[in-house]
Student: 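The structure that follows is given in the form of structure tokens.
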Amino acid sequence: MLSLLSTTLLSLTLVCGVYSDEQNATQAFASAGANVTLPCRLNGDSELTPFANIGIRVKWSRVPEDETLDEEEILVSLGIHTKSFGEFNGRALLQGADEKDASLTIMDVTASDSGRYRCEVFRGMEEVIHDVTLLVEADPINGVVFPYSPRLGRYNLNFHDAEQACLSQDSTVATFDQLFQAWRGGFDWCNAGWLNDGTVQYPVTKPREPCGGSGSDAGLRSYGQRDKSKSRYDVFCFKPVLEGTFYWLEQPERLTFDEAVQACLDDNAEIATVGHMYAAWKLHGYDRCDAGWLADSSVRYPISRPRKNCSAGEAAVRFLGFPDKKQKLYGVYCFKPQEH
């Protein structure tokens with residue numbers, strides 16, 4: 001019986017290509033606007049006769065994240081007759097390098113072409129199936145993607161609440177491309193969040209049991225489209241630049257939340273948002289081991305140089321939760337907008 005390649009998600013920096021690891025797993029990558037070939041090939045031990053035989057049929061389709069939905073037909077080939085469908089009409093063709101090659105070439109790919117593709121080869125009652133996952137990269141994105149959940153706790157935002165939550169953090173709901181680029185840069189987060197296309201996803205670079213299983217693949221986990229009014233998740237926000245100065249306000253003593261807000265106002269500034277902190281940390285390498293109030297009444301601190309007692313394991317924005325606003329245990333981070 002034919003030995004097939006399995007699908008995996010791996011973090012690579014390729015303009016266009018296919019990666020195979022030591023376990024013969026494949027993952028195709030391409031940049032927007034490029035052409036990419038998705039491999040589907042019978043090995044030398046296959047008992048199937050060559051593709052040139054009239055009795056062999058090749059079918060390529062795209063498999064939706066939601067398994068209850070139908071596959072999207074891309075191309076069907078029977079002997080010398082080949083037909084492509086829908087948005088792939090004129091952009092998809094069989095490579096046909098030799099008699100056992102059923103690889104699919106897609107031309108001028110876009111980010112929307114990302115997804116899982118299925119190659120099926122039929123001969124009578126015999127069927128061979130090979131899945132390939134394609135990730136299409138847009139142009140590099142400057143900015144920072146960060147996860148956000150409100151004081152109410154995890155998974156409390158419908159899509160419209162998510163939009164407002166990001167706006168309150170001086171940011172916008174992230175796009176798929178922005179989250180994908182963040183994942184390629186090492187972003188790993190186990191809670192699912194809204195993206196601006198109405199899908200719910202989360203990035204995993206270190207597969208483990210609480211995040212889809214330790215034997216699962218690295219990549220973007222997707223729940224697909226969700227009801228924007230009824231479904232509730234966290235959200236991934238995106239902030240492109242930091243237009244102003246983010247800083248720790250030196251104070252002789254710790255502050256309540258209300259005192260923290262007033263202290264920033266007294267310094268001709270405003271209390272910083274979560275978006276301000278992430279942008280200062282990611283884009284400017286801001287590092288401070290002091291926990292401080294932010295505008296949403298959360299307490300966090302940014303570490304870009306991990307060290308003992310200061311996020312020793314990794315660079316990160318550390319989150320201490322939403323403590324009692326009357327506690328005088330923390331300092332405050334302020335922000336002065338850039339004057340135009």
Side-chain angles (χ1 to χ4, degrees), residues 144-158 161-171 173-174 179 182 186-194 200 202-204 206 208-211 232-239 242 246-251 253-265 269-282 286-335:
V144 58
V145 173
F146 62 94
Y148 188 77
S149 58
R151 189 180 185 91
L152 292 173
R154 178 183 172 190
Y155 293 172
N156 270 288
L157 300 171
N158 66 22
D161 294 333
E163 289 181 308
Q164 292 303 312
C166 287
L167 285 175
S168 72
Q169 300 310 312
D170 198 28
S171 60
V173 180
L179 184 63
F187 184 30
D188 182 283
W189 194 256
C190 207
N191 294 351
W194 290 102
V200 173
Y202 64 97
V204 175
K206 297 169 287 189
R208 52 204 184 277
E209 286 307 320
C211 305
R232 295 183 178 274
Y233 296 92
D234 294 344
V235 63
F236 290 103
C237 301
F238 176 76
K239 185 164 179 58
L242 185 67
F246 172 88
Y247 64 101
W248 168 263
L249 182 62
E250 296 289 349
Q251 290 284 293
E253 57 185 32
R254 299 309 187 190
L255 308 166
T256 66
F257 175 72
D258 289 340
E259 290 171 341
V261 172
Q262 188 59 50
C264 288
L265 291 173
E270 60 191 55
I271 188 169
T273 67
V274 177
H276 293 147
M277 178 174 282
Y278 268 96
W281 165 73
K282 184 69 174 182
Y286 194 94
D287 181 283
R288 184 92 191 189
C289 203
D290 292 293
W293 292 105
L294 293 177
D296 65 344
S297 74
S298 67
V299 172
R300 310 174 195 242
Y301 62 97
I303 298 297
S304 59
R305 302 188 313 275
R307 53 201 183 276
K308 185 178 180 180
N309 299 326
C310 295
S311 189
E314 61 180 350
V317 170
R318 291 302 183 188
F319 174 51
L320 275 64
F322 293 88
D324 186 335
K325 292 182 179 181
K326 296 181 180 179
Q327 288 186 353
K328 297 174 71 74
L329 297 177
Y330 309 105
V332 62
Y333 288 95
C334 300
F335 179 73

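What you see is a predicted model; the values in this text were computed from it and never measured.
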Student: In terms of side-chain heavy atoms, does Thr256 have a donor or acceptor partner in Asp258 at a distance below 3.5 Å?
Tutor: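 Result is no, nothing qualifies.
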Student: When the aromatic ring centroids of Trp281 and Tyr286 are compared, is their separation below 6.0 Å?
Tutor: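 They do not qualify: ring centres at least 6.0 Å apart.
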Student: Any side-chain heavy atom of Trp293 within less than 4.5 Å of one from Ile271?
Tutor: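 Answer yes - side chains close enough.
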Student: Any side-chain heavy atom of Asn309 within less than 4.5 Å of one from Cys289?
Tutor: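 Heavy-atom side-chain distance check fails, nothing below 4.5 Å.
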Student: Going by the side-chain contact (heavy atoms from CB on, under 4.5 Å) test, name the single residue among Pro147, Ser171, Cys166 that passes it with Phe236.
Tutor: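 Single pass found, and it is Pro147.
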Student: At their closest point, which heavy atom of Pro306 faces which heavy atom of Ser311, and how far apart are they?
Tutor: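 That would be CB-O, 3.0 Å.
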Student: Using a 4.5 Å cut-off on heavy atoms from C-beta on, say whether the side chain of Leu157 contacts that of Pro150.
Tutor: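 When only atoms from C-beta onward are counted, Leu157 and Pro150 do touch, with a gap below 4.5 Å.
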Student: For Leu255 and Glu259, which heavy atoms make the closest approach, and how far apart are they?
Tutor: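 Closest approach of Leu255 to Glu259: CA-OE1, 3.5 Å.
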Student: Grab the two heavy atoms, one from Tyr330 and one from Gly292, that are nearest each other, plus how far apart they are.
Tutor: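 Reported closest heavy-atom pair: CB-CA, 4.4 Å.
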Student: Which heavy atom of Tyr148 sits nearest a heavy atom of Asp234, and at what distance?
Tutor: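 So the two residues come closest at O-CB, 3.4 Å.
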Student: Locate the shortest heavy-atom distance separating Val332 from Cys264; write the atom from each residue and the value.
Tutor: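 Smallest heavy-atom distance, with atoms named: CG2-SG, 3.7 Å.
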Student: Find out whether Leu179 and Phe238 are in side-chain contact, i.e. whether some heavy atom of one side chain is under 4.5 Å from a heavy atom of the other.
Tutor: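 They are not in contact (no side-chain heavy atoms under 4.5 Å apart), so the answer is no.
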Student: Please determine whether a side-chain nitrogen of the Lys or Arg among Arg288 and Asp290 lies less than 4.0 Å from a carboxylate oxygen of the Asp or Glu.
Tutor: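 Looking at Asp290 together with Arg288, the answer is yes, because their closest N to O distance falls below 4.0 Å.
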